[in-house]
Visitor: 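Here's a structure for you.
A note on names: the letters A, B, ... follow the listed sequences, proteins ahead of strands, and every chain is numbered from 1. Nothing here was measured: the structure is a model prediction, and the numbers come from that model.
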Protein chains: 2
Amino acid sequence: MSSGDSEGEVQESDLPSAAECEERCQKFAEVTGTDTALAMFFLQDRQWIVARALDAFFAQNPGYGESMQEYPTLNAAEDPLAAAQSMGSGEGSETKVPDVQPHRVRVMSWNIDGLDTANLKQRTRAVINTIKAEKVEVALLQEVVANSESVLRESLTDYKIISGGTSSKEGYYTAILLHKQHTHLDDFETVPYFSSTMGRNLLVVNSTVKGVPMTLMTSHLESTKSHAGERKRQLGIGLNRMKDASTERTVLFGGDLNLRDKELESIGGLPEGIVDVWEETGSRKEARYTWDTYRNDNLATDGKWRTRLRFDRLYLRQCSPPAKLKPVYFELVGLQRVPDVHRFPSDHWGILAHFDILSGSGDSRPFGALSAKEAEESQAKSSSLKPENSKSSDAPASSGKKSGNPEAQPSEGPPPAKRPKD
Amino acid sequence: MSSGDSEGEVQESDLPSAAECEERCQKFAEVTGTDTALAMFFLQDRQWIVARALDAFFAQNPGYGESMQEYPTLNAAEDPLAAAQSMGSGEGSETKVPDVQPHRVRVMSWNIDGLDTANLKQRTRAVINTIKAEKVEVALLQEVVANSESVLRESLTDYKIISGGTSSKEGYYTAILLHKQHTHLDDFETVPYFSSTMGRNLLVVNSTVKGVPMTLMTSHLESTKSHAGERKRQLGIGLNRMKDASTERTVLFGGDLNLRDKELESIGGLPEGIVDVWEETGSRKEARYTWDTYRNDNLATDGKWRTRLRFDRLYLRQCSPPAKLKPVYFELVGLQRVPDVHRFPSDHWGILAHFDILSGSGDSRPFGALSAKEAEESQAKSSSLKPENSKSSDAPASSGKKSGNPEAQPSEGPPPAKRPKD
DNA sequence: CCGCCGAGG
DNA sequence: CCCTCGGCG
Ligand SMILES: [Mg+2]
Ligand SMILES: [Mg+2]
């Protein structure tokens, strides 16, 4: 295995010192989140050049962080998800496909970096392909801009797109995408943050998802460390909104919260009854950091500053008992470079949460009647509803996880969805 | 229950608003690390005054964080540990007592705040009483000063005291205390940090503890957030020293590391083979923060800034297999105010780790012969050995945990020590 | 959208 | 021994 790669052969005299090798192993382990044993494995056949070892590692582990399998040798031809991301899928009219996982709900959140105009359309297409491949019922997007929204609307004809933009689509804004086949849009509203200096707001959508009444919320909270004060205020608005939502609805609030753990702690942590879905699914370290300049070079900082932060989060508040959704898996998406462009879809990874619909909750009908109680509550709000019109044809890519190998880590991708009453 | 306390009765019109009550509950829950249900319990009979509720909570939970029992109504007369802390125990000559837990090793680390001259002797006596009550085999101390060292030497005649101070005991320094009955001092040395601007260093002691050959290390790493760079460098020296220690020794490195999690992460986390004992024992949240201006007002900041950090840590590197010590429990000490003084023993909580000696390791003899291999290794070092001479008489306080009540949390104090071969 | 650092509270 | 903030790499 090692001598087969002639480029990997080196004179003994070319080897770095033992101390240097150890340091490079540490570096590799740090960037990959693995250990120095694995580092040595990758470095020893690559002249102990860290960059080459990292390239090899991530090339062999395109889904690292995503579903934790290790060393699958695959390329776009073998990998349905990679294929999905790269293919120019045709635009088209609404597609009806059988729901192979009727008791599973998938919710994504992703800051798709519309502020970076470079490769915007190609990057947005990669996002679109991931949405289709993962068959998410709900997508919460941030940093949507007019030039990416148009691409989304052209290609995601199976989805209703509710924009959080207010002032005639200038700048960047949020959007919530609802799969038409599996959801019903009940109503929506935007909540302004009056003291935002960055035009941020909160988008709230009431929707019934596979029969589960939900409130879906997204926001792109005030950016940068300096604006922690304003950010915490905005977060409080979102969290209060979650607490105050109808108890008949299951509430999800996700987005680019730009949050540091200390900030959350300083406001007393999450209120009772609200949980972080990443934590709730086991705090998998592979899915922790959603903004990571060690791995993601879209920002082209030339390695001047490297850091990792968990900016993108998803919070859950259950409806009154019995709960209807159980978080079962949390992963990152967008970890592969867009072919040809050689950049990632965004400077953020997307987050993708999988939920099981609990027994007696879902009925597979997208529409669940509002109770008299909630009808009362909701008529107090001045919400408008903007349905989407459908277009041309579309063939969603096949989903499915890539196969792992014997050295795989503890778990590999979401558990299979089960019919609760089986 | 509520009407029995006449001071607790209030006119309904005096009650704060519901929103205000909720806010105060949040505040209480935040400071105590409990929840708002408990907060309401404590607030409702105390006119919703947060300060009174907190006083009541901590008065009833003097050991909160320490062994997690809740609401034991106790005072110094009933509580052996509190009694130990407050009593002026007589100085005396070395005491021999039967070792009731021969397969248990207890190691403490505590910054005892010698830089605060107020109540220094009383505070130091409280530290001494805790050391005696907990019957620690090893204590790692930081911020020892001449005026506290003298008190330690007078009262802790059962311990050898190895000082990390170099320049004729000016300023503040570290010390390692070894229980004479249970340990043998093999040798020690201090390692300077050349770029420290605060006179910090590393104290390394080789000792055999209940038959287990150990390397014990302590340090008070460069303080304040601004000095993260120097602090990380110092930490690296300590961690390297742990890695390089004889594989026949079990290595513990503990102290006031002044560390922020991000800093540890930025140097790639702990090296393989080194674990954080707090994490290893389950990351109990009650024992997480060792410096906490919400609960500890020794710094008299008048509540201007409140924060919590995990400055004090203990790292473990096992000897070559089979391992000899298993970490079983980690708790905080010094959580009770010193009677009369009404201040805590230090602005830091102490940390106390409990280990089980694994089967076939300990032989209850303090002295374990050095192997030929290690004798070779150690003769390369220019270590000096400074034995202590014993003095007057002493009566160590009885230890033992306070009894909990039915509402106790998941666990209550360290598990009973078992003879490995029972 | 970063961390480091120093000033001010 | 804290935090926030602003300047700068
Ligand atoms: Mg951005
Ligand atoms: Mg101090």
Visitor: Need one value for B:D116: base, sugar-phosphate or nothing, where a base atom within 4.0 Å counts as base even if backbone is also close, heavy atoms only.
Guide: nothing

Visitor: Nearest whole angstrom, please: distance from the C1' of C:dG3 to the CG of B:D261.
Guide: 17 Å

Visitor: Between atom CD in A:E265 and atom P in D:dT4, what is the gap in whole Å?
Guide: 12 Å

Visitor: Please state how far atom OH in B:Y289 lies from atom P in D:dC1, giving the value in whole angstrom units.
Guide: 17 Å

Visitor: Counting heavy atoms from C-beta on, name the nucleotide in C:dC1, C:dG3, D:dC1 closest to the side chain of A:L299.
Guide: C:dC1

Visitor: At 4.0 Å (heavy atoms only), tell me whether B:T301 reaches a base, stays on the sugar-phosphate, or touches nothing.
Guide: nothing

Visitor: Among D:dC1, C:dC1, C:dG3, find the nucleotide with the atom closest to the side chain of A:T224.
Guide: C:dC1

Visitor: Starting from P on C:dG3, measure out to CD on B:E230 and report it in whole angstrom.
Guide: 21 Å

Visitor: For A:R200, give me all partners under side-chain hydrogen bond (donor to acceptor under 3.5 Å, both in side chains), at least two apart in sequence or on another chain.
Guide: A:Y172, A:H220, A:S223

Visitor: As a test of reading the structure: which of D:dC3, C:dG3, C:dC1 is closest to the side chain of B:K262, going by heavy atoms?
Guide: C:dG3

Visitor: I'd like to check the salt bridge (charged side-chain N to carboxylate O under 4.0 Å, His left out) partners of A:D261; sequence neighbours left out, ordered by chain and number.
Guide: A:R288, A:R313

Visitor: Please state the C1' separation for the pair D:dC8 and C:dC1 - nearest whole angstrom.
Guide: 15 Å

Visitor: Send over the distance from B:N258 CG to D:dC3 P, rounded to a whole Å.
Guide: 12 Å

Visitor: When the distance from CG of A:D292 to P of C:dC1 is rounded to whole Å, what number comes out?
Guide: 15 Å

Visitor: Report the residues that fulfil side-chain hydrogen bond (donor to acceptor under 3.5 Å, both in side chains) with A:T290, sequence neighbours left out, ordered by chain and then residue number.
Guide: A:D312

Visitor: For the residue pair A:F344 and A:W349, is the inter-centroid distance of their aromatic rings smaller than 6.0 Å?
Guide: yes

Visitor: Please enumerate all residues that pass side-chain contact (heavy atoms from CB on, under 4.5 Å) together with B:K304, with sequence neighbours excluded.
Guide: none

Visitor: Figure out the CG/C1' separation between A:L257 and C:dC1, and round it to whole Å.
Guide: 15 Å

Visitor: What's the closest nucleotide to the side chain of A:W291 if the choices are C:dC1, D:dC1, D:dC3?
Guide: C:dC1

Visitor: Protein within reach of the bases, or only the backbone? For nucleotides 4-9 of chain C, mark each nucleotide 5' to 3' as B, S or -, using heavy atoms under 4.0 Å.
Guide: SS---B

Visitor: How many whole angstroms separate atom CD of A:E222 from atom P of D:dT4?
Guide: 16 Å

Visitor: When all nucleic acid strands are considered with a 4.0 Å heavy-atom cut-off, which category describes B:N296: base, sugar-phosphate, or nothing?
Guide: nothing

Visitor: If the cut-off is 4.0 Å, is A:N111 near the phosphate of C:dC1, judged by side-chain N/O to OP1 or OP2?
Guide: yes

Visitor: Can you list everything that forms a side-chain hydrogen bond (donor to acceptor under 3.5 Å, both in side chains) with B:S195? Sequence neighbours excluded, please.
Guide: B:E230, B:R233

Visitor: Go through B:N111 and B:D256 one step at a time and tell me if the side chain to side chain donor-acceptor pair (under 3.5 Å) criterion holds.
Guide: CA-CA 6 Å; B:N111 176 325; B:D256 176 2; 2.8 Å; yes

